[in-house]
Amino acid sequence: MSIKPAAIAGQVVLYGAFAAFIGFFATNPRYQHIPPDHSLVKLSLAHFGDRECRKRTPEELQKLPPNMRAPLECPRERSALSIEMDIDGKSVYKGIIQPTGLSKDGISTVYRRFELPAGEHQLAVRMSDNVREPGFKYVKEDKVTLKPAQVLVIDFNPDKGGLFFQ
Amino acid sequence: MSPHAALRDGSRAVFKHVENSLDASFGPADNPLRHLGAMGLYFLWILSATGLYLYIVIDTSIEGVYSSIGHLSNEQWYFGGILRSLHRYATDAFIIVTFLHILREWAYDRYSGFRLFSWMTGIPLVWLLYMSAIGGYWIVWDRLAQFSALATAELFDWLAIATEPAARNFLVPEAVSDRFFTFLVYIHIGFPLFLILGAWAHVNRISGVDHMPAKRLAWGSFLALLVLALALPAHSDAQADLMQVPLDTRIDWLALFVNPLMYETSAGTVWALVFGFTLLLIALPLLPRGRPAPVAKVDAPNCNGCRRCYMDCPYAAVTMAPHPDKPKHQIAVVDADNCAACGICVGACPSSTPFRSGEELVTGIDMPQQPINALRRELEQRLAALTGRTRIVVFGCASGAAVDRLAGPDTAALTLICSGMLPPSFVEYALRGGADGVLVTGCREGGCPFRFGDQWTAARLARSREPHLRVQVPASRLREFRADPTDAAALAAALAEFRTDLETATGDDNRLVPYHRRTVHHVH
């Protein structure tokens, strides 16, 4: 079956419109995730909360089978984490992070993003892994200079001395 | 009428208008709106073919993944680059036709009853399509991939289903390893494989699946994507750097819209929209509806197991089983859940011929709401009442242009459930019963709500499909005209033209020998 020239022209226009629609929306309009003169601070921690362990007495150990004579008796449940964060002296985050798991024996995690104008900022992060104890066991405070679009990560690693900026 | 029904009917009117407009350029067989499902599968094949090459050449190390894909676009632009671009643009085309397909099936009220299975099995395919598409963008590991991976991880973290936030996997460069890309590639192959498996289930309850668009449509859409791939080749952004926020990102809004949407609203809003849309699709068939039409009924003594209804049923509702009364014969069995109540099986049944002498015409498979015996009786009564110089019988279809308005002293109009319900022998019966001509009309090509009604009727009348119109029937006394409900004027004009042709060009020499059943008294 032959096609009329007008129909061919119509098809070219419609196929062209289809391709143009895809071509445009495949890359446009561009998306500005954060303002170009801003940077991003990510508070991202994953840490097991502390447990209130008790030292077993020699009598208690004697009563246990030889293969189960662990010197410490620890409950399964872990403490929540208490975390606070200030930027330029202003509190931006304060939270109690519960441990995961049905028995509350899993890891406690937090992930927060803070958009900041690029430049110099005073950051302070405090963390306690045992909410029954007063105060904060881990503290990290520093003045940082953030470049536009820079990502600064606040993480926790006991091997790196606790809280650290990266 | 409920607001939903009003919205749906309004959308259908828009679709019909656009489809009929596109017919002018593409013709019904190549009209993309009439073949959206086939178009979707076609784009999936393009994605599979181009993806196979990309899988062969990709290096799944962190450094290698970016450079190996970049190599395709820069050094091998003439082949690998084109395939990469086709892969990207076919994804977008697949997404577009998928949503149009959903919208059209909803607008045409094709999502419940015997279509429920196809509708429900189609819903997970949308999820699989998006999971495949979004994951595919990550493999490039450029700034766009970084943005999408992190945004998607943050989106999933909102659900709090994982012990640790998924976003921590993209926190610092050391968090991403070579194994991530190996895993990602297998995921990107796995989801499409599930998609293909799901698509098989999606079309499982229909027969004669429209799995490939017509050649012209296939080439046209492929060339459109190829021209696009040449004009706007896909390029990677700068390499991902997790210590830098991707600024000014070139988002693929069709595939990745959820990522910016989350930052502009919230993760909760995105999930509400995504789950809300999914639940809406699930709930649509559960909305109150009228009683379903009675399904086809098989009459064992009149079914000889010829399998024609089995071959012609558009929804695989007819299966064959051993005949209870006739040894070594089969009998048609109707699955009520799959039956569309279209009557196409009645048109296929050789026992539906009105020339059978019994006072009551009982066919092998029949529609309780419009039995073939009632159709013969109605035809005989209408023929007997016809007067005038040129008497015409019009067989119409309930889904096509209304034929009632054409009825007059010299025109008998009979409406069938679907034009596919018309046994060709009824055309000959009408001509032998006193009609000078027979006009058969149904939906526009590709517009049959029961998929094949128009095709099977055309093929039977053209003697290329059984049961065929007998060769004795002169072609000049039969006219076919495809007309949607909006084409009433065109149908009336076609009837007038047919009448003129019969009066001017057709003599009496090709008139068929009259046939009247003894029990019927015609007035001639």
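Below, chains carry the letters A, B, ... as their sequence lines are ordered, and counting in each starts from 1. Values below: all heavy atoms of this structure, side chains included; hydrogens, waters and symmetry mates excluded.
A side-chain donor from one of Tyr31(A) and Glu264(B) sits under 3.5 Å from a side-chain acceptor of the other. Residues Tyr111(A) and Glu154(B) bring a donor and an acceptor atom of their side chains to less than 3.5 Å of each other.
When each of Leu150(B), Thr91(B), Leu144(B) is checked for heavy-atom pairs under 4.5 Å with chain A, Leu150(B) comes out on top. Among Val227(B), Asp241(B), Ile251(B), the residue making the largest number of heavy-atom pairs under 4.5 Å with chain A is Ile251(B). Ranked by heavy-atom pairs under 4.5 Å with chain B, the list Lys147(A), His38(A), Lys42(A) is led by Lys42(A). Interface summary for chain A: among Leu256(B), Asp248(B), Leu232(B), the most heavy-atom pairs under 4.5 angstrom belong to Asp248(B).
We find the OG-CG distance between Ser221(B) and Leu14(A) to be 12.5 Å, quoted to the nearest 0.5 Å. A distance of 4.0 Å separates NE2 of His33(A) from OH of Tyr263(B), quoted to the nearest 0.5 Å. Put simply, CG on Leu225(B) and CD1 on Ile22(A) are 5.5 Å apart, with the number rounded to the nearest 0.5 Å. In this structure, Leu22(B) CG and Gln11(A) CD are separated by 10.0 Å, a value rounded to the nearest 0.5 Å. Note that the CD atom of Glu164(B) and the OG atom of Ser108(A) stand 10.5 Å from one another [nearest 0.5 Å]. With rounding to the nearest 0.5 angstrom, the CZ atom of Arg88(B) is 8.0 Å from the OG1 atom of Thr27(A).
Here the closest heavy-atom approach between residue Ser25(B) and residue Ala7(A) is recorded as O-CB, 3.4 Å. The two atoms that bring Ser44(A) and Leu171(B) nearest to each other are OG-CD2, 3.4 Å, heavy atoms only.
At a 4.5 Å heavy-atom cutoff, the contact between Phe25(A) and chain B is made by backbone and side-chain atoms alike. Proximity to chain A (any heavy atom under 4.5 Å) is shown, for Phe257(B), by neither the backbone nor the side chain. Interface remark: Leu242(B) contributes backbone atoms only to the contact with chain A (heavy atom separation under 4.5 Å). Contacts between Ile96(B) and chain A at a heavy-atom distance below 4.5 Å involve the side chain alone, from C-beta outward. For Leu254(B), the parts lying near chain A are the backbone and the side chain together; criterion is any non-hydrogen pair under 4.5 Å. Both the backbone and the side chain of Pro29(A) come within contact range of chain B, judged by heavy atoms closer than 4.5 Å. For Leu247(B), the parts lying under 4.5 angstrom from a heavy atom of chain A are both the backbone and the side chain. For Ala24(B), the part lying near chain A is the backbone, with the side chain staying farther off; criterion is any non-hydrogen pair under 4.5 Å. Neither the backbone nor the side chain of Leu226(B) comes within contact range of chain A, judged by heavy atoms closer than 4.5 Å.
Residues of residues 45-76 of chain A that come closer than 4.5 Å to chain B, counting heavy atoms only, are Leu45(A), Ala46(A), ordered by residue number.
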(message) What verdict does the side chain to side chain contact (heavy atoms under 4.5 Å, CB included) test give for Met243(B) and Leu152(A), after you've listed the backbone C-alpha separation in whole Å, the side-chain angles of each residue and the deciding distance to 0.1 Å?
(response) CA-CA 7 Å; Met243(B) 301 318 291; Leu152(A) 184 131; over 6 Å; no
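The ring of Phe222(B) has its center no closer than 6.0 angstrom to the ring center of Tyr15(A).
Other residues, nucleotides and ligands contribute at most 12 non-hydrogen atoms within 6.0 Å of the NZ atom of Lys104(A). Trp77(B) CH2: 12 or fewer foreign heavy atoms inside a 6.0 Å radius.
Each salt bridge (Lys or Arg N to Asp or Glu O under 4.0 Å) pair with one or both residues in residues 148-166 of chain A, not counting sequence neighbours, appears once here: Asp155(A)-Arg168(B).
Distance alone, capped at 3.5 Å, is enough to place a donor-acceptor pair between the Trp253(B) side chain and the Asn28(A) backbone. Judged by distance alone, the side chain of Gln244(B) and the main-chain N or O of Gln150(A) form no donor-acceptor pair under 3.5 Å.
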